[in-house]
Engineer: 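My questions all concern the structure below.
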Amino acid sequence: MVKAKLSDVSVKPVNVIEDCQSDFLPKLCSRAYADIGFKSTMEYGRRLLKRYMANGLVQVFDGHGGKHAVDFAFHHLPKYILEDENFPSDIERIVTSAFLQTDKAFAEACSLDAALASGTTALAALVIGMLLVVANVGDCRAVLCHHGKAIEMSRDHKPICSKEKKRIEASGGYIYDGYLNGQLNVARALGDWHMEKLSVENFMNGKIKC
């Protein structure tokens, strides 16, 4: 997760939220492009919410194995963020919790209906006063253009990354030919509970998801 004040952009996280209740409301707009590629159905999702008690929330999802995880996260992730009683004062905890709550809720939904089995990478970018907060799982990317310079605001979670590889193996998973459990090209995602060692039963027993 990356946090930065829009007035003083830096790739380093900003630890203190300032101006969350600022009267300044930046003008926000959104454009989107989706390419179905070689998939049989569209598994991409994008959403822009404006003028809630912050200034804007943009979400991007890239699904795999079907669109059910995208549709689920599309509707549930913003709810867990915006309905938290401490929003927006404890934003880092809130956003982290929202991703985990969305994943848990989808696991429970999949346990009731196996047809929902799928997964998605996800990215959320929030503008709160003069603060920009970006969080992601998987390889959806956010790039900030500041005075003509491109600043990375997210980090890909790939199985070939040494840190991710160690975490996956410590959780009981494995990397084969660059793929998580020989199946997935990202090290983190929402959903995918149908995959080997990532079953709903393992989740309910408290095991860590890769």
Engineer: Below 4.5 Å, heavy atoms only, C-beta onward: do F106 and S118 meet side chain to side chain?
Structural biologist: yes

Engineer: Can you name the nearest heavy-atom pair linking D192 to A189, along with the distance?
Structural biologist: OD2-CB, 3.5 Å

Engineer: Taking all non-hydrogen atoms of both residues, which atom of W193 and which atom of D103 are closest, and how far apart?
Structural biologist: CZ2-OD2, 3.2 Å

Engineer: For A122 and F99, work out which heavy atoms get closest and say how close.
Structural biologist: CB-CE2, 3.9 Å

Engineer: Heavy atoms only: give me the nearest L190-A73 pair and the separation to one decimal.
Structural biologist: CD1-CB, 3.9 Å

Engineer: Return the minimal non-hydrogen interatomic distance between G178 and N185, and the atom names on each side.
Structural biologist: O-OD1, 3.8 Å

Engineer: Would the distance check show the side chain of T120 and the main-chain N or O of D62 forming a donor-acceptor pair, the cut-off being under 3.5 Å?
Structural biologist: yes

Engineer: Only counting residues at least two apart or in another chain, list the ones meeting side chain to side chain donor-acceptor pair (under 3.5 Å) with R155.
Structural biologist: none

Engineer: Does D113 have any side-chain contact (heavy atoms from CB on, under 4.5 Å) partners at least two apart in sequence or in another chain, and if so, which?
Structural biologist: A115, L116

Engineer: Quick one: does N136's side chain get under 4.5 Å of V134's, heavy atoms only?
Structural biologist: no

Engineer: What pairs of residues pass the salt bridge (Lys or Arg N to Asp or Glu O under 4.0 Å) test when at least one of them lies in residues 128-151, not counting sequence neighbours?
Structural biologist: D139-K158, R141-D156

Engineer: So do R167 and H157 actually touch side chain to side chain, heavy atoms under 4.5 Å?
Structural biologist: no

Engineer: State whether the side chain of S97 and the backbone N or O of I94 hold a donor-acceptor pair below 3.5 Å, judged by distance alone.
Structural biologist: no

Engineer: Work out which heavy atom in S154 is nearest to a heavy atom in A142; give both atom names and the distance.
Structural biologist: OG-N, 2.9 Å

Engineer: Once you round to the nearest 0.5 Å, how far does CD1 of I168 lie from CG of L180?
Structural biologist: 4.5 Å

Engineer: Decide yes or no for N181 and Y176: does some side-chain heavy atom of the first lie under 4.5 Å from some side-chain heavy atom of the second?
Structural biologist: no

Engineer: Please report, to 0.1 Å, the donor-acceptor pairs under 3.5 Å made by any side chain of residues 77-85, with sequence neighbours excluded.
Structural biologist:
from	atom 1	to	atom 2	distance (Å)
D84	OD1	N86	N	2.8
D84	OD1	R93	NH2	3.2
D84	OD2	R93	NH2	3.3

